[in-house]
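Please read the structure below before turning to the comments.
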2 protein chains.
Amino acid sequence: MTEQPVIDAPAPGRRDPEGRKRAIIAAAAELIIEGGTASLTHRRVAARAGVSLGSTTQYFASLDELRESALEQLVAETDAALDLLAEITSADDFTVADLAPFVRSWLVDPRQVQADLILVSAGASDPTRRALARRWFDRAVAILSERLPPDRARAVAIYVDGAMIHAGLHDEPLDLDVIVGDLEALAHPARPRSTEPAPQHQNGPRS
Amino acid sequence: MTEQPVIDAPAPGRRDPEGRKRAIIAAAAELIIEGGTASLTHRRVAARAGVSLGSTTQYFASLDELRESALEQLVAETDAALDLLAEITSADDFTVADLAPFVRSWLVDPRQVQADLILVSAGASDPTRRALARRWFDRAVAILSERLPPDRARAVAIYVDGAMIHAGLHDEPLDLDVIVGDLEALAHPARPRSTEPAPQHQNGPRS
DNA sequence: CCCCTTTCTGTACGTTTGTACATCAATTGA
DNA sequence: TCAATTGATGTACAAACGTACAGAAAGGGG
């Protein structure tokens, strides 16, 4: 009942330092996604990874170091997703609308969303981990900047981060059309930069 | 050295159930902002609030219940900020650009930013607290929808959430001009809804 | 085959946790 | 003034924690 599926681990007792370490990090990353960085304990990791308690202390000087490795693993996963983004933007006939399906595939993946929010939370509350959390944002801006003005690239990245929050709090994902429309609006603004009064909708003044 | 400033508390021993409960919740909210929801312990709350350990268990059936009360307190604070938003949007000569200073004042307040990110994180990982975390977003959309089409209101709220993440991870806040520009772009898109190929910048194809 | 090195395992210990509860102090109504 | 009551306090305890470490077991070289 309280048993959780074992992640990966080599057979018990069998020697396999690298495999074991990998299994421990994978289990830790999983637990962090499920319960946040603070929910990590040596014993839970051991149970999930299918290794002994001692093994979880052998490869890492402290629990904090294990946590750090697990977070780096999560960053590596999102890095892989960004490689796909780079592929998309490098297409000859690329348009901003092409980003939408990619963004949406990200938003509908609870694991990805959770990982991102946890990294943000970790980075915001602990300056030590800020660089880790910022990697997604910085790389995304860098990639998008090859096709958009840097400030437009940043605006798009900010919007996507906001959409990540939306995804984390809502069951209904954003429609693809909506994402396309918003990304295009940010990437190709009507008046590229002004503060003059703008025409606006008027949905009826409050009573 | 390890002493932390006391929050509010009534004099030790003096009877004041409501004041004491208030001080406990305030201390808990403070600790949550500083170290996340998981860092909350009865003893830390007692020290910060300047009350005895027993008092922290007296008014709440469990630590989880205390945590819940503290989170509700944080939501109440952001609710107050949203009242200000409602004032702004109700002005006769309101334009979207008027939102920017308000948004920015939010972003440069570390406490507000941290509170929001913590609520999001709590809501994303625990369905029980999702409604709590969603209150900011839902109310913001509702308020903005009096002046913008609902889907534009939502886009703006998503962007602001993204800007909150940006603020949590960067020391340099977003320029007011940038915020104005992005909000206007989202509120008044060039082509209100289309997926046809758009003219685009070309910052030089990758080598 | 056996031995030596490296890896793995489980137990143990001191700390900190949430929570229960007995004791004490403050307030109130007579 | 003086019980009686309600609120506040500190101690106690089982459970879970991070970590250290001694011993068992596996794999490879002789």
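Each chain gets a letter, A, B and so on, in the order the sequences are listed, and its residues count up from 1.
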Heavy-atom contacts, protein to nucleotides 7-15 of chain C, under 4.0 Å, summarised as B (base), S (sugar-phosphate only) or - (none) per nt, yield SBBBBB---

Side-chain donor-acceptor pair under 3.5 Å between Asp64(A) and Ser62(A), yes or no?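 No, no side-chain donor-acceptor pair sits under 3.5 Å.
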
Q) Hey, what's the ring geometry for Phe102(B) with Trp106(B), parallel, tilted or perpendicular (30° and 60° as the breaks)? A)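 If you compare the ring of Phe102(B) with that of Trp106(B), the planes turn out perpendicular.
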
| message | If the condition is side chain to side chain contact (heavy atoms under 4.5 Å, CB included), which residues does Ser52(B) pass it with, not counting sequence neighbours? | response |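 Side chain to side chain contact (heavy atoms under 4.5 Å, CB included) check on Ser52(B) returns Ser55(B).
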
Length of the CD1-P vector between Ile24(B) and dG18(C), whole Å: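 Distance check: Ile24(B) CD1 to dG18(C) P gives 14 Å.
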
> Rounded to whole angstrom units, what separation is found between the CG atom of Leu63(A) and the P atom of dT16(C)?
Replying inline: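 Going from Leu63(A) (CG) to dT16(C) (P), I get 16 Å.
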
Task: From CG (Leu85(A)) to CG (Asp98(A)), nearest 0.5 Å - done: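 It is 11.0 Å, given to the nearest 0.5 Å.
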
Notebook entry, point to check: Can you name the one residue among Arg44(B), Gln114(B), Arg48(B) that meets side chain to side chain donor-acceptor pair (under 3.5 Å) with Glu34(B)?
Noted result: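 Running side chain to side chain donor-acceptor pair (under 3.5 Å) over Arg44(B), Gln114(B), Arg48(B) with Glu34(B) returns exactly one hit, Arg48(B).
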
| message | Between the side chains of Asp171(A) and Arg130(B), is the shortest nitrogen-to-carboxylate-oxygen separation below 4.0 Å, so that they form an ion pair? | response |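 Yes, charged N to carboxylate O under 4.0 Å.
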
**Report entry** Side chain Asp175(B), main chain Asp177(B), donor-acceptor under 3.5 Å
**Finding:**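 Not at all, since once roles are kept as given, no pair shorter than 3.5 Å links the two residues.
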
query = Counting N and O atoms only, with roles assigned by atom type, does the side chain of Arg135(B) sit under 3.5 Å from a partner on the main chain of Val75(B), one being a donor and the other an acceptor?
reply =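 No, Arg135(B) side chain to Val75(B) backbone: no donor-acceptor pair under 3.5 Å.
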
Any residue in residues 65-74 of chain B with a heavy atom nearer than 4.0 angstrom to DNA chain C? Just list them by number, or reply none.
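The stretch gives none, as no residue of it lies under 4.0 Å from the strand.
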
| query | For dC17(D), does OP1 or OP2 lie under 4.0 Å from any side-chain N or O of Arg44(A)? | reply |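 Indeed, a polar side-chain atom of Arg44(A) lies that close.
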
